[in-house]
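First comes the structure, then the notes that go with it.
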Amino acid sequence: MPRDQRRAQLLGAAREIFVAQGFHAAAMDEIAVRAGVSKPVLYQHFPGKLELYLALLDTSKDELLERVHEALASTDDNKQRVIATVNAYFEFVDNDSGAYRLLFESDLPNEPAVKARLDGLTEVCAQEISQIIAEDTGLPEEESTLLAVGLVGIAHVTARYWLASAGSIPRTTAAELVAALGWRGIRGFPKRDG
């Protein structure tokens, strides 16, 4: 099997184990068995459990960032941007892969390499949103960033709550409700003239 395909196979097996058991309970032996490879093959690609976990975090982080980036770039209408971005978070947590658990429910949040990736995810999402806020409102960078982090937090926390509550609200309805809340807040800042 080509190296890239093998790596993808190993990451898929590892995601299943880490999502189901968390970092601490997951074992490299079990991941190798799930992937259908020997432990030495697993170690050829990843020198240890932390490196494997970090590779999964990077893959999951990149997936969410791509969704957010596409949502923000999908329109120039800011109301529709808010709706698309909130929906991107809801779609991400509603994915059967469970990748969101690695980002939002990690049992290793104080490991410096994990913390850096998780903080970086929020920072990059907030930077993209804050640029739009600053351009539209003329607010200083620090204020625009604070508002952007708030919008990211609303989308992130409510999407996780919606999934965990397993209620009767359909995903699209839930995302629309949360987007309406975010939009009603952010539209109160006047657009800059010219």
Side-chain angles (χ1 to χ4, degrees), residues 23 50-51 53-95 97-165 169 171-194:
F23 177 82
L50 180 59
E51 290 79 11
Y53 189 77
L54 294 175
L56 281 171
L57 279 183
D58 288 340
T59 300
S60 299
K61 176 178 63 85
D62 291 348
E63 180 186 339
L64 179 57
L65 287 173
E66 181 63 27
R67 288 176 186 249
V68 169
H69 180 72
E70 286 175 6
L72 291 170
S74 67
T75 180
D76 289 335
D77 180 283
N78 287 335
K79 181 178 182 181
Q80 295 307 312
R81 277 183 175 148
V82 170
I83 292 168
T85 304
V86 169
N87 197 48
Y89 274 87
F90 275 77
E91 287 175 351
F92 182 73
V93 301
D94 196 28
N95 186 305
S97 75
Y100 79 94
R101 291 185 189 275
L102 300 171
L103 298 177
F104 303 146
E105 298 175 2
S106 175
D107 61 343
L108 202 61
N110 294 323
E111 163 62 41
V114 172
K115 184 173 179 7
R117 282 166 170 80
L118 299 178
D119 291 347
L121 172 63
T122 300
E123 185 178 323
V124 170
C125 289
Q127 281 175 349
E128 283 198 44
I129 295 168
S130 72
Q131 288 173 355
I132 294 166
I133 293 170
E135 289 169 7
D136 283 355
T137 64
L139 288 172
E141 180 182 343
E142 191 173 354
E143 292 177 20
S144 297
T145 300
L146 183 63
L147 291 172
V149 170
L151 290 172
V152 167
I154 287 171
H156 163 178
V157 172
T158 56
R160 283 182 50 221
Y161 173 81
W162 168 79
L163 187 66
S165 68
I169 301 173
R171 183 186 78 216
T172 55
T173 304
E176 287 171 4
L177 283 168
V178 173
L181 173 65
W183 174 244
R184 286 179 182 146
I186 199 67
R187 78 172 182 201
F189 292 88
K191 283 191 81 137
R192 177 167 49 187
D193 292 329

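Remember, predicted model here, so these are calculated numbers, not experimental data.
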Quick one: side chains of residues 141-149, donor-acceptor pairs under 3.5 Å with protein atoms, not counting sequence neighbours, listed by atom name and distance.
residue: Ser144; atom: OG; partner: Leu139; partner atom: O; Å: 3.4
residue: Ser144; atom: OG; partner: Pro140; partner atom: O; Å: 3.2
residue: Thr145; atom: OG1; partner: Glu141; partner atom: O; Å: 2.8

N/O donor to acceptor pairs below 3.5 angstrom from side-chain atoms of residues 108-117, sequence neighbours left out:
residue: Lys115; atom: NZ; partner: Asp119; partner atom: OD2; Å: 2.8
residue: Arg117; atom: NE; partner: Asp58; partner atom: OD1; Å: 2.6
residue: Arg117; atom: NE; partner: Asp58; partner atom: OD2; Å: 3.4
residue: Arg117; atom: NH1; partner: Ala113; partner atom: O; Å: 3.2
residue: Arg117; atom: NH2; partner: Asp58; partner atom: OD2; Å: 3.4

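Nearest heavy atoms, Leu72 versus Arg81: O-NE, 3.0 Å. Closest non-hydrogen pair, Ser74 versus Ala71, comes out as OG-O, 2.7 Å. Residue Cys125 comes nearest to Val152 through the heavy atom pair CB-CG2, 3.9 Å, listed as atom of the first residue, atom of the second, then distance. Nearest approach of Tyr100 to Arg160, heavy atoms of both residues: CD1-CG, 4.5 Å. Here the closest non-hydrogen pair linking Val93 and Ala159 is CG2-O, 3.5 Å. Nearest heavy atoms, Phe104 versus Leu64: CZ-CD2, 3.7 Å.
To the nearest 0.5 Å, atom NZ of residue Lys61 and atom OG1 of residue Thr59 are 9.5 Å apart.
Residues that satisfy the side-chain contact (heavy atoms from CB on, under 4.5 Å) test with Gln80, not counting sequence neighbours, are Thr75, Asp77, Ile83. Taking the side-chain contact (heavy atoms from CB on, under 4.5 Å) definition, one finds that Ser97 meets it with Arg15, Asn95, Ala99, sequence neighbours left out. Taking Arg171 as the reference, Glu91, Asp94 meet the salt bridge (Lys or Arg N to Asp or Glu O under 4.0 Å) condition, with sequence neighbours excluded.
Residues Ile186 and Asn78 fail the side-chain proximity criterion, which asks for heavy atoms closer than 4.5 Å. Inter-residue side-chain proximity for Leu151 and Ile133 is flagged as met; some heavy-atom pair is nearer than 4.5 Å.
For Leu177, the CG atom sits in a packed shell: over 12 heavy atoms of surrounding residues, nucleotides or ligands are nearer than 6.0 Å.
Under the ring pair (Phe, Tyr, Trp, His ring centres under 6.0 Å) criterion, the residue pairs touching residues 62-94 are Phe90-Trp162, with sequence neighbours excluded.
In this structure, Ser165 contributes its side chain and Tyr161 its backbone to a donor-acceptor pair below 3.5 Å.
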